[in-house]
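Below, chain A is the first sequence line, B the second, and so on; all start at residue 1.
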Amino acid sequence: MSQQQTLQHDDITIPVVKPKGKPLFYYLIKQWPFHIMVLPSLAFLLIFAYLPMGGLVMAFQNYKPWLGLTGSEWVGLDQFRYLFEREDSLQVIWNTVIIAVFKMILNLFAPFVFAILLNEIRKQLVKRFVQTLVYLPHFLSWVILGGILTDLLSTEGGLVNRLLTGLFGIDPIFFLGNGNWFRFTVILSDVWKEFGFGTVVFLAALANINPSLYEAAEVDGASRWKQTLHITVPSMIPIAIVVGTLALGNVLNAGFDQIFNLYNPLVYAKGDIIDTFVYRTAILNGEMGFGTAIGLFKSVISFVLVVISYRLAYKLANYRIF
Amino acid sequence: MYHKSPAYRVFNTFNTILLIVLSLLCVIPLLHVFAVSLSAKAAADANIVGLWPVNFTLDAYKKTTNNPIFLNSMWIAVERTVIGTLLTLFLAFLAAYPLSKENSAFRGRNIYAWMFVFTMLFNGGLVPFYMVIQKIGLMDNFWVLVLPGAVNVFLTILMLNFFRGVPKELEEAALIDGAGHFRTLFSIYLPVSLPAIATLALFSMVFHWNSWFDGLLYIGNPKQYPLATFLQTVIIQRDMSSMSMNPADLALISQKTVKSAQIFIGALPILLVYPFLQKFFVKGLVMGSVKE
């Protein structure tokens, strides 16, 4: 609708812009302020986003810092072959996928349910109170939360283990020192941090439901549960599809900040993910070429997934981001 | 009315209790840290502090604020947050205006827009990025905390979408009166977009204050770390050796109450801007997502 309006308006006010014959520099001169305005940002992007993309050639080299990009030996796909032969890198990819997928599912499901429950609360004061508290963790960094969690989950007098021992009399659980417990802790704490913020979009969707639907259901004698099942949930499905598909791009994103601030050598086997692995192999151990190759592997897969998910979101829910 | 049915009333009571408990779970960890930071050392070490300070004392905060490295890192964090936010806002504001035009009004707009968006979809990864920072000589330089993240494409898109909502008549009137595009942007668009800019500023501030990895990667001298990186090193890695302090200071910094005080001070600025954030971010999200 708006596009039509602007087109019309363009035709009326500046019909000169339309002819195809004008050479490109005509527009460049006529619209120079626009170019100047984009230029500073573009310069930053060229240096800090596009220049590193050029560095991806390292993935096909046996990169040695003293030889540089031009002098290092070309090894073709050897780094990638190596990536799929090394047991630790395969384990790392698997860890990443499993942690990321669990997070994706729960971070969709938890806010969905929470938003519905929150919507049932009529007392504005209670609603406001709940919202204020649940949004908060989203804004705190994993350094802060990691520090807090390591303290809370400690086996030596951490609050959680104290409670568990006090209430159920069980032995302290090694949350951050046992691989399986580590995965569980990482997934649950991520959901804890993000579920509140995740409700924002769902609450917006709930606010947009036409009240007359509920009134009609009321007249027909539907219980609140029936109303939720047949009005609320279906109304939220489109936005849930959008959120879910857009999260697809994160299959290889298990949350670097979180893992890095919670893990330790004891749980590398089950808790090490691609990003932390790259940091250790490339930056700490100096295997630059190999590190770049894993990074490229991750970037390409994520890119493909993001593109697919955007198309899916558009097809399934008619959602466009740009 | 379902509100009156006994079953719904029971549900409502349980629901209210459940949600209040869940929401308390979101802040209890922070309250616990706060309580520990205000407790006496003996009580904290004996793990008897819950959500209320035991033997109240401000000792830990005094010790924290007496540590010159901590204060310096806090100052660096403030500097990067202020400078970084101003730069990000300026760049986003400037770039969003032409990018908010239709391609017919700004030839090349779509090419630019895709160059911006593509950086969100694909990146070179950690290693090439690290090499670029090294090559252009930003290592161990304060500006490494500011420049690489100066263009925030997400915030630029939020700004762009806001500009699209500004009535076209405003711009047309200015242009007819003879103002150039720069003049239009700064005297017409700037005043009307202050609420949007405030939202962007809050997002950017939180981002900068919380950033810790860049400091760890690119700053070699731990005494020049921003606060988040300092906290990461001291509290998460428990690596005090790099701080080259005398043993007495070391013992002090690793003390549980002092650690808690440091964590709380690290979270404090976020808590302070949180009420404003909460007011704005819903609008910001809506601002970025709603398109006709």
With chain A, which of [options] has the greatest number of heavy-atom pairs at distances under 4.5 Å?
options: B:Ser23, B:Ala150, B:Ser211; result: B:Ser23
options: B:Gly125, B:Gly124, B:Cys26; result: B:Cys26
options: B:Val27, B:Ile136, B:Leu147; result: B:Leu147
options: B:Trp209, B:Phe264, B:Phe118; result: B:Phe118

Counting only heavy atoms closer than 4.5 Å, note whether [X] contacts chain A via side chain, backbone, both or neither.
X: B:Val49; result: backbone
X: B:Leu227; result: neither
X: B:Met115; result: both
X: B:Ile263; result: both
X: B:Leu24; result: both
X: B:Tyr112; result: side chain
X: B:Leu126; result: side chain
X: B:Leu138; result: side chain
X: B:Tyr97; result: side chain
X: B:Phe213; result: side chain
X: B:Asn123; result: both
X: B:Ala267; result: both
X: B:Tyr130; result: side chain
X: B:Phe11; result: side chain

Can you see whether B:Gln232 engages B:Tyr225 through a side-chain donor-acceptor pair at a distance of less than 3.5 angstrom?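 The criterion, which ignores hydrogens and geometry beyond distance, is not satisfied for B:Tyr225 and B:Gln232.
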
Checklist entry - Do B:Tyr274 and B:Gln278 meet the criterion of a side-chain donor-acceptor pair at a distance under 3.5 Å? => result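 No, no side-chain donor-acceptor contact under 3.5 Å.
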
Salt bridge A:Lys226-A:Glu218, side-chain N to carboxylate O under 4.0 Å:
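Salt bridge absent between A:Lys226 and A:Glu218.
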
Inspect the contact between B:Lys259 and A:Asp151 and indicate whether a charged nitrogen and a carboxylate oxygen are less than 4.0 angstrom apart.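 Judged by the 4.0 Å cut-off on N to carboxylate O distance, A:Asp151 and B:Lys259 do not form a salt bridge.
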
Check: Do you know which of A:Thr292, A:Leu117, A:Ile47 has the most heavy-atom pairs with chain B at a distance under 4.5 angstrom?
Finding: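 Max contact count across the listed options: A:Leu117.
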
**Q.** Most chain B-contacting option - heavy-atom pairs closer than 4.5 Å, from A:Asp275, A:Leu118, A:Asp257, A:Leu296
**A.**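 Heavy-atom pairs under 4.5 Å are most numerous for A:Asp257.
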
[X] versus chain B, the contacting section by heavy-atom distance below 4.5 Å:
X: A:Pro137; result: side chain
X: A:Leu145; result: neither
X: A:Gln227; result: side chain
X: A:Ile283; result: side chain
X: A:Thr150; result: side chain

For the ring pair [X] and [Y], is the centre-to-centre distance below 6.0 Å?
X: A:Phe44; Y: A:Tyr50; value: no
X: A:Phe260; Y: B:Trp212; value: yes
X: A:Phe197; Y: A:Phe139; value: yes

Got more than 12 heavy atoms from elsewhere within 6.0 Å of CZ, B:Phe182?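 Above 12, so yes.
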
